[in-house]
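Okay, structure first, notes after.
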Amino acid sequence: MTSYTIGGKAYPMVLTLGAMGELDELCGGFEHVGEAFDGKTAMQAIDTAVKMLAILLRGGHDYSREMGDEPAAVPTEVALRSLLLPKDFAPLKTAIFQSMAESMGRTVEVEPDPKNADATPGQ
């Protein structure tokens, strides 16, 4: 299960059917999720990433709870905007798509985006 660490705490990210429905609504159809960042300004792309992260974190929380775990509450979108830094954007996008691919049963090798190499040193 893919997880994303925020403020030193790892949260599971799961594309449940409920999360899939929310992403469908956000992206104008689930088939458009792969294009979610195309043609957007930096702030629009960040807003989309935060919304997608929040959806997948809620999916992970709900999945874990239904599997009998007692997961910690996930940060709200407002809290995520305070906890994430600009350098987190590229790895966040990678984690979002890894989580969706994993939940759909596909194995995806993700290569670092060379365009973002300067923005995320050490990543």
Met67: hydrophobic cluster co-members (side-chain, 4.5 Å): Met1, Val14, Tyr63

Identify whether Val78 and Met43 are in the same connected component of the hydrophobic contact network (ILVMFWY, side-chain heavy atoms under 4.5 Å). no

Salt bridge (charged side-chain N to carboxylate O under 4.0 Å, His left out): pairs with one or both residues in residues 60-79, sequence neighbours excluded: Asp62-Arg65, Glu77-Arg81

Side chains of [X] and [Y], heavy atoms from C-beta outward: is any pair under 4.5 Å?
X: Ile46; Y: Phe37; value: no
X: Val33; Y: Ile96; value: no
X: Leu53; Y: Leu84; value: yes
X: Lys93; Y: Met52; value: no
X: Tyr4; Y: Asp88; value: yes
X: Leu15; Y: Phe30; value: yes
X: Leu56; Y: Leu23; value: yes

Donor-acceptor pair, distance only, cut-off 3.5 Å: does the side chain of Thr5 make one with the backbone of Gly8? no

I'd like to check the side-chain hydrogen bond (donor to acceptor under 3.5 Å, both in side chains) partners of Glu35; sequence neighbours left out, ordered by chain and number. His32

Where is the tightest heavy-atom contact between [X] and [Y], given as atom of each residue plus distance?
X: Leu57; Y: Pro75; value: CD1-CD, 4.4 Å
X: Phe89; Y: Ala49; value: CE1-CB, 3.8 Å
X: Ala19; Y: Gly59; value: CB-CA, 4.5 Å

Using 0.5 Å steps for rounding, measure from the [atom1] atom of [X] to the [atom2] atom of [Y].
X: Leu26; Y: Thr48; atom1: CG; atom2: OG1; value: 6.0 Å
X: Ser99; Y: Ile55; atom1: OG; atom2: CD1; value: 11.5 Å
X: Glu102; Y: Thr2; atom1: CD; atom2: OG1; value: 3.5 Å

Would you say Lys40 has more than 12 foreign heavy atoms packed within less than 6.0 Å of its NZ? yes

Pair Glu22-Lys51, salt bridge (Lys or Arg N to Asp or Glu O under 4.0 Å): steps then yes or no: CA-CA 10 Å; Glu22 288 186 58; Lys51 287 178 181 185; over 6 Å; no

